Number of protein chains: 2
Amino acid sequence: MARERKFTTDELFEATKQLLLHQGYEGFTFGLLADNLKVSRGAIYKYYENKEELITNFIFYEMDQFLLKLKKINQHQGFEAQFHFLLNLIFSYSDIQKLIKIGQQLPGYQDKFKTLHSDMYQYLQGFIELGKKEGKLKRHLPNNLILGYIFQSVAIPNHSGIPHSEWASSIKEIICHGMFTD
Amino acid sequence: MARERKFTTDELFEATKQLLLHQGYEGFTFGLLADNLKVSRGAIYKYYENKEELITNFIFYEMDQFLLKLKKINQHQGFEAQFHFLLNLIFSYSDIQKLIKIGQQLPGYQDKFKTLHSDMYQYLQGFIELGKKEGKLKRHLPNNLILGYIFQSVAIPNHSGIPHSEWASSIKEIICHGMFTD
DNA sequence: CCCTAAAGTGACGGATGTGTTACTTTGGAT
DNA sequence: ATCCAAAGTAACACATCCGTCACTTTAGGG
């Protein structure tokens, strides 16, 4: 009963993601996006009223995906297992941090993103507390610093082309035991 | 022999810095900048041909300032002293990482920034090697990961308002000895 | 086969940013 | 007092992006 679509929502979101990561919020335009999808600009307006609505929808979608997987952390028994699950998850969603920061730029949504972000941190407080209770994590370190530290670690640029597995395991080691020998 | 200026280069650079950090490269405009300086847009064109030239000049200036201080690292004896000097320096220049990333967006200057960046890393190789030679740093960790890690650590957002001194010393501890107890 | 409704197009008017230029202001030198 | 050159202004022409709207295309149901 209708004409065939020239792009799917998945393709739209993927193109949006790439553009956002490479151009940032201000550099993102429907023109570029339409070019990417080989479609006219007007076609996108059939689905989203404006750039803000599209980006908001997209980033909330990405965060939902991430939170969904994050909540599986409780399926793992013991702090150590949860810790490795979390690190692997963050590595596989290494772009999410950047996207959240872009989301915070959205006019009128700063609050929503702030609460979403702090909800996430809140949700992980239990994980941190478990680590401290099990005597694995140093008690005197602020919880939010520990979490921020873990999330930030994936953003370190790997210019020198070190293989991913070596890179990841090195980071894990520094997070756990530091870069000093003693 | 000339009229009094309404803004100094320092004021211009400071306003540029704030705008760049808050709006990003694409969101930065001469209009906003002129408003900030309470001056007409045209006045800025008396000194810089366009936005790209201004931003390029500004970021190179900032990096030069940073590199100048960085080179004082050799005035400190021993790895440990150099390590704390570097960390304190990075904390006091916590914006420079963001600015460098913006610089990498400058069309036609990616290469220049890449080499500048890798020069900086190159310059610090000696420092890392010293740490390894003194037996302080773990030998098997890639040098560039260690450096990237140190530089990245100041970017962790301190939302919960923990005092700077506690924040900084906690970060130092994690970098050195990790967040695990053993 | 024809009609319909969803999908897509292209051109519009408005807003904003850019770089230029002719103009005015101003302070020191003669 | 006058002149000049640097400093600043304001308006212009140009480009880009935005959101809209009247239009065309196309697949499926009757």
Side-chain angles (χ1 to χ4, degrees), chain A residues 1-61 99 102-103 105-110, chain B residues 1-61 99 102-103 105-110:
Chain A
M1 206 179 188
R3 186 173 164 179
E4 199 181 6
R5 282 190 58 167
K6 297 179 78 177
F7 60 94
T8 67
T9 300
D10 275 358
E11 288 165 342
L12 179 65
F13 277 3
E14 182 57 29
T16 299
K17 183 178 184 173
Q18 295 311 320
L19 271 182
L20 274 183
L21 291 176
H22 288 99
Q23 315 280 351
Y25 177 68
E26 299 290 347
F28 177 96
T29 71
F30 268 27
L32 284 173
L33 186 59
D35 286 351
N36 256 291
L37 296 168
K38 317 226 178 186
V39 115
S40 81
R41 213 163 43 84
I44 304 175
Y45 282 96
K46 286 276 146 94
Y47 307 98
Y48 296 92
E49 299 236 328
N50 50 48
K51 134 181 178 174
E52 187 186 309
E53 185 186 317
L54 166 60
I55 295 182
T56 305
N57 270 48
F58 162 66
I59 299 191
F60 280 151
Y61 168 81
L99 292 176
I102 292 173
Q105 291 181 39
L106 285 168
Y109 286 86
Q110 291 96 333
Chain B
M1 207 177 190
R3 186 174 164 179
E4 199 182 5
R5 281 190 60 167
K6 295 178 80 177
F7 60 95
T8 67
T9 301
D10 275 358
E11 289 166 340
L12 179 66
F13 276 3
E14 181 58 28
T16 299
K17 182 178 185 174
Q18 295 311 320
L19 271 181
L20 273 183
L21 291 176
H22 288 98
Q23 314 283 352
Y25 177 69
E26 300 289 345
F28 177 96
T29 71
F30 268 27
L32 284 173
L33 186 58
D35 287 351
N36 257 290
L37 296 168
K38 318 225 182 197
V39 115
S40 82
R41 211 163 45 84
I44 305 175
Y45 281 96
K46 286 276 148 92
Y47 307 97
Y48 296 92
E49 299 237 326
N50 51 48
K51 135 180 177 173
E52 186 185 310
E53 184 187 316
L54 166 60
I55 295 182
T56 305
N57 270 47
F58 162 66
I59 300 192
F60 279 150
Y61 167 81
L99 292 175
I102 291 172
Q105 291 181 41
L106 285 168
Y109 286 86
Q110 291 95 334

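Computation of the quantities below employed the complete heavy-atom set of this structure, encompassing side-chain atoms and omitting hydrogens, waters and symmetry-equivalent molecules. Proteins come first, then strands; the chains are lettered A, B, ... in the order of their sequence lines, and each starts at number 1. Computed from a predicted model, the values in this text were never measured in an experiment.
Contact check of residues 13-24 of chain B against DNA chain C (heavy atom, cut-off under 4.0 Å) returns no residues at all.
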Show me the donor-acceptor pairs within less than 3.5 Å that the side chains of residues 9-17 of chain A make with the rest of the protein, sequence neighbours left out.
{"unit_1": "A:Glu11", "atom_1": "OE1", "unit_2": "A:Thr8", "atom_2": "N", "d": "2.9"}
{"unit_1": "A:Glu14", "atom_1": "OE2", "unit_2": "A:Gln18", "atom_2": "NE2", "d": "2.8"}
{"unit_1": "A:Thr16", "atom_1": "OG1", "unit_2": "A:Leu12", "atom_2": "O", "d": "2.7"}

Contacts table for residues 23-43 of chain B: side-chain donor-acceptor under 3.5 angstrom, sequence neighbours left out:
{"unit_1": "B:Thr29", "atom_1": "OG1", "unit_2": "B:Gly31", "atom_2": "N", "d": "3.4"}
{"unit_1": "B:Thr29", "atom_1": "OG1", "unit_2": "B:Leu32", "atom_2": "N", "d": "3.1"}
{"unit_1": "B:Asn36", "atom_1": "ND2", "unit_2": "B:Leu32", "atom_2": "O", "d": "3.4"}

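B:Tyr109 OH: 12 or fewer foreign heavy atoms inside a 6.0 Å radius.
Here the CD1 atom belonging to B:Ile55 is positioned 4.5 Å from the CG atom belonging to B:Leu20, to the nearest 0.5 angstrom. Taking CG from A:Leu99 and OH from A:Tyr61, the interatomic distance works out to 12.5 Å, rounded to the nearest 0.5 Å. Here the straight-line distance linking atom CD1 of A:Ile44 with atom NZ of A:Lys51 works out to 12.5 Å at 0.5 Å rounding.
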List the steps and the verdict of side chain to side chain contact (heavy atoms under 4.5 Å, CB included) for B:Thr56 and B:Glu53. CA-CA 5 Å; B:Thr56 305; B:Glu53 184 187 316; 5.7 Å; no

Chi angles and distances behind the side chain to side chain contact (heavy atoms under 4.5 Å, CB included) call for A:Tyr48, A:Phe58: CA-CA 11 Å; A:Tyr48 296 92; A:Phe58 162 66; over 6 Å; no

How would nucleotides 8-18 of chain D be written as a contact map, 5' to 3', with B for base contact, S for sugar-phosphate-only contact and - for no contact, using protein heavy atoms under 4.0 Å? BBB------SB

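Stem regions for DNA chain C, each three or more consecutive Watson-Crick or G-U pairs with both distances under 3.5 Å and listed by first number, read C:1-30 with D:1-30.
One interatomic measurement links the two molecules: OH of B:Tyr48 to P of C:dT20, which rounds to 16 Å at whole-angstrom precision. When the P atom of C:dG17 is taken as reference, atom CG of B:Leu54 falls 16 Å away, rounded to whole Å.
With sequence neighbours excluded, the residues that form a side-chain contact (heavy atoms from CB on, under 4.5 Å) with B:Tyr47 are B:Arg5, B:Phe7.
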